[in-house]
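Per chain, numbering begins at 1; letters A, B, ... match sequence-line order.
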Amino acid sequence: MRYLPHTDEEIRAMLDVIGRKSLEELFCSVPDHCRYEGTMDLPEPLNEWSLTDHFSELAEAMKVTHKNKVLIGAGSYHHNIPVTLGTLMARSEFLTAYTPYQPEMAQGTLQGIYEYQTLTARLLGMDVANASMYDGASALAEALLMGLRIGKKKTKVAVSAAIHPHYREVVRTYLQPTDHEVIELPVGKDGRTDVSGLAGIEGVAAVAVQSPNFFGVIEDLTTLGRVIHEAGALFITSFTEPLAYGLCKNPGECGADIVCGEGQSFGLARSFGGAALGMFACRDQFTRNMPGRLVGETTDIEGKRGFVLTLSTREQHIRREKATSNICSNQGICTLTAAMYMASLGGSGLRELARANYDRAEYFKSQLIRKGARIVFDSPTFNEFVVEFGTDFEPIYKKLLARKIVAGLELGRFYPELAGKYLFCVTETVAREVIDAVVAEVKP
Amino acid sequence: MTKTPGISGLIFEEPLLWEKGQKGRHGMSIPASDVPPAEFPAELQGAGPEFPDLSEIDVVRHYTRLSQWNYGVDSGMYPLGSCTMKYNPKINEKLAATPELAAAHPMLVDDEVQGNLQIMYELQQYLAAITGLPGVSLQPAAGAHGELTGMLVFAAYHRSRNSRRTKILIPDTAHGTNPASAALCGYKPVPIKSGANGILKVQSIAEAMDEECAGIMITNPNTLGLFETNIREIADIVHAKGGLVYGDGANMNAIMGVINAARCGIDVMHLNLHKTFSTPHGGGGPGAGPICVTAELEKFLPVPSAIKDGDIYRLNFNRPESVGRVHAFHGNFSVLIRAYCYIRTMGAENLKKASQLAVLNAAYIKEQLKGTLQLAYNRPCMHECVFSDALQAEDKITTLDIAKRLIDYGYHPPTIYFPLVVHGALMIEPTETECKDDIDQFIATMKLVVQEAKEHPELLRQAPVKAKLRRLDETQAARKPCLCG
């Protein structure tokens, strides 16, 4: 076995030093009643080439692949990924390193994360960003828990019904055992969150809104922020498509206190939903309430600039059960990939790409309207929108699938009131001819 | 003075991203628009972020230079205790990037993604076989996330029995994240002291366990690298009082095919795929922390999970008593693929052999270094061994000094100052993928460092001197935090 380097002679020599007769004898402290009986029921080992063949079969079992045009976003987006990202991230100095506890041996990871923190804070208009969250959903749950910590005696949080349904499920999972009440704020006919009911509710620590929301609608964050702050709650904004901030006002400008979301759009493959990247940022005054790992600048004993993990007194290994979170990892490779993507695009490129996404979705909407379909929410959207067709769309979906186009996501399983309506997404990867092909099938 | 790029000719200086670049450079091509431009509402429009504009080679050089300041398993031995820094096979990286699998959107219907569902289903089966616990959820994205999910299962189990428990037993040799994970579910940790020999006494559990306690979180082998011999008796006591037993599987690399978690009385266990199952640590993530549970607790696991229905693989959402989702989609799927590849490459016999050799390497180091460094507990160790700096006290040399001097010799230091039960701890976990020659060289180097501590202690206090940077001022970083440039 090529991963196990020991020869029989070496094993014998090492056992002699230890004073044991066999490998089995190394486990003499294990009582019989704890032992594994028989052999683990696993398939026979495969060599490198047989395993590759097996993966060819798995690949063939996929009906929808990279060769399809998948017009679904909903928290996972297909954007072009420059080949440089894959090449650089495959460098084993990044890939096979551990969490940077020994900063002198990990300045690459540390400076990379510090740069990611900075670019993320700039993107979101916040003071501080961490590099630690698993995905957009758990980042939102952590943000609400942080809101409850800051809100001290307050026991309720409110979340918009236009937040990704899976994110709201994760929030419920996280908050359920500690009996915190999660209030759901309704969505208006314009597809935006209705916060008018908030004034009548006491004890709300934080309110979370997603923009662009699950329906692709860009929320009026400035107005929402004002109402939420007047109600005495912290204003949390979530997102699934950070590219939107190349064009939209950033959440910080709109008064957000904590911003969290999913960074997959920035250079990570969809990869069936993971590994993902939870982005998380806040204002200065809340830094010590933040969950997760932070990298800070410092100097070495000769005065040279360097970076270290810092503010760890918030964290689980020091504060134990009083920590701001149990998280002890950072999203290392995913954060570096996202930073590399932001660096590759630059400020100018981010704006150009955001605009390209916006223009394409607007073109798609205009063509659908021309064919008599209805755009369900008339508020401005970014690269996603909800469509209602006059007739049953299911047969058209199947017909388009046969032509390698996955035409949107049916919304009935998430919002029964939107059954039969479809959420569509187009990014820069969808050519006009694909849009035209879908539109051509729509019956007036 | 002119600043030149090279330090040694091989190690380069490199500024921060925003200290480079010129407005108008491009590092990535953007397809030309083939649709008419649309008006964006002015009241929603922002200025866009202040990012530097860089060319492709600017980005490539930047990250290439950064990578050269890092140390990975591919660079050399990484004897970091409790982290299982074993070799990360290259074929796993290649197969995880299989375009058909890696491009899959997570909300496609089952019929469209059979290959990915097959991987999930089979991996669930494999992890069940390895632990002896039949219910598996692949959703948790890290070890600590698995612990949290496990505690959610505890809470759901007690709630289903109309009981509400407030405390949880956590030994002082458990992993550091355990108390914080339990606290997220509202459990107050009750610390349990390990016995004089480094393992838990049955009596301590019998005294602490009551009907207010949801159960116990136990790391086995524990963070001293010792097998908790009394685990079965402890589990029986906890079960008798209506509690559950959580097994922190971070140290699974010591016991594959040797120990059956179910037979130890464990009800819930997480596995760190980035430790035991060879997926890369990536400088801190992403990992994966699936949990395995008894048949009785399976109904509480997160939804969805993968099932096989005739010849078709499906996602199963039908679990009314589920704790709910813990991840937006299916966990860190790209990490799951790598672990799947590892298990398919190894098979049952080699996984068991890997555990045996991991223990052999640790026991060998323990034996060879026990006079050089103070051994914390002289018992048979599993996959790691814990020393302290007690013998170096007379030279006024600390664990930190030893760790930093190892850097000058090209080793990543062991885990230091953990576990907390050993003052000045040095925790060494070599893993099975280090060969005898390299282990011998590490032992010789450690002896050399200890010799230096006696003869030239300044060499240790000044170390490292050969890294790109000298010791970094962590106090300054925390006192005046500069977290954003």
Side-chain angles (χ1 to χ4, degrees), chain A residues 5 10 14 23 36 40-42 45 58-59 61-66 82 88 91-93 96-97 99 104-105 107-109 118 122-123 134 137 169 173 177-178 249 269 271-275 296-298 300 306 310 316-317 320-321 323 326 329-333 344 346-347 351 362-363 432, chain B residues 27-28 34-35 38 46 48-49 51 53 63 66-67 69-74 99-100 102-104 106 112 114-115 129 141-142 144 155 176 179-181 183 185-186 227 260 264 280 282-286 324-325 328-329 332-334 347-348 350 356 359 364 435-436 467 469-470 477 482 485:
Chain A
E10 287 171 327
M14 292 171 84
L23 289 172
Y36 206 103
M40 296 181 286
D41 182 17
L42 297 172
L58 291 167
M62 297 292 281
K63 197 190 266 180
V64 171
T65 70
H66 57 297
L88 290 168
R91 292 190 67 93
S92 67
E93 298 91 335
T96 70
T99 307
E104 299 87 354
M105 284 198 126
Q107 282 300 302
T109 295
T118 302
R122 290 183 186 184
L123 177 79
Y134 309 130
E169 284 181 44
T173 303
T178 41
K249 274 185 194 163
S271 197
F272 214 37
E297 189 182 315
T298 189
D300 76 355
T310 194
Q316 42 76 32
H317 58 292
R320 313 284 288 179
E321 70 269 22
N326 69 333
S329 47
N330 59 61
Q331 283 299 86
I333 286 297
S344 298
R351 189 145 192 102
E362 291 308 298
Y363 172 75
R432 178 179 180 155
Chain B
M28 169 175 165
D34 53 5
V35 300
F51 286 176
D53 285 355
Y63 285 100
L66 258 56
S67 78
W69 306 341
N70 255 19
Y71 185 91
V73 174
D74 285 7
E100 287 83 353
E112 295 167 351
Q114 285 294 298
S181 299
C185 290
F227 190 79
N260 181 321
C264 293
R325 265 180 203 278
F329 299 111
N332 286 342
F333 183 73
S334 57
N350 286 319
Q356 290 174 329
V359 173
Y364 181 73
C435 67
K436 180 172 179 291
L469 295 179
R470 303 284 302 279
C482 173

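With hydrogens and angles ignored, the 3.5 Å screen pairs a side-chain donor or acceptor of A/T96 with a backbone N or O of B/D74. One N or O on the side chain of A/N330 and one on the backbone of B/G283 form a donor-acceptor pair closer than 3.5 Å. Between the side chain of A/S344 and the backbone N or O of B/M28 there is no donor-acceptor pair closer than 3.5 Å. Between the side chain of A/N326 and the main chain of B/P179, no donor-acceptor pair closer than 3.5 Å is present.
Both the backbone and the side chain of A/R122 come within less than 4.5 Å of a heavy atom in chain B. Proximity to chain B is limited to the side chain of A/T310, based on heavy atoms less than 4.5 angstrom apart. If you measure heavy-atom distances from A/R432 to chain B, the contacts under 4.5 Å come from both the backbone and the side chain. Contact annotation for A/L88: only side-chain heavy atoms (C-beta onward) come within less than 4.5 Å of a heavy atom of chain B.
Between chain A and the options B/G72, B/P106, B/G115, B/A183, the largest number of non-hydrogen pairs under 4.5 Å is found for B/P106. Note: B/S334 leads B/A142, B/S334, B/A155, B/C185 in heavy-atom pairs under 4.5 Å with chain A. Ranked by non-hydrogen atom pairs under 4.5 Å with chain A, the options B/G324, B/C435, B/P286, B/G186 are led by B/P286. Ranked by non-hydrogen atom pairs under 4.5 Å with chain A, the options B/G48, B/A467, B/A144 are led by B/A144. Per-residue counts of heavy-atom pairs under 4.5 Å with chain B were compared for A/A269, A/G273, A/P82; the largest is that of A/G273. Options B/Q114, B/K436, B/E112 differ in how many heavy-atom pairs under 4.5 Å they form with chain A, and the most are formed by B/E112. In terms of heavy-atom pairs under 4.5 Å with chain B, the best-connected choice from A/L23, A/T99, A/L123, A/T118 is A/T118. When each of B/F227, B/Y71, B/F51 is checked for heavy-atom pairs under 4.5 Å with chain A, B/F51 comes out on top. For the set A/A137, A/S92, A/A275, A/G306, the count of heavy-atom pairs under 4.5 angstrom toward chain B peaks at A/A275.
Looking at residues two or more places apart in sequence or on another chain, you find no salt bridge (charged side-chain N to carboxylate O under 4.0 Å, His left out) involving A/K249. Not counting sequence neighbours, the partners of B/F333 by the ring pair (Phe, Tyr, Trp, His ring centres under 6.0 Å) test are A/F272.
To the nearest 0.5 Å, atoms OH (A/Y134) and CG (B/N332) are separated by 9.5 Å.
Around atom CG of B/D34, more than 12 heavy atoms belonging to other residues, nucleotides or ligands sit under 6.0 Å away.
The heavy-atom pair separating A/M40 from B/A129 by the smallest distance is CG-O, 4.1 Å.
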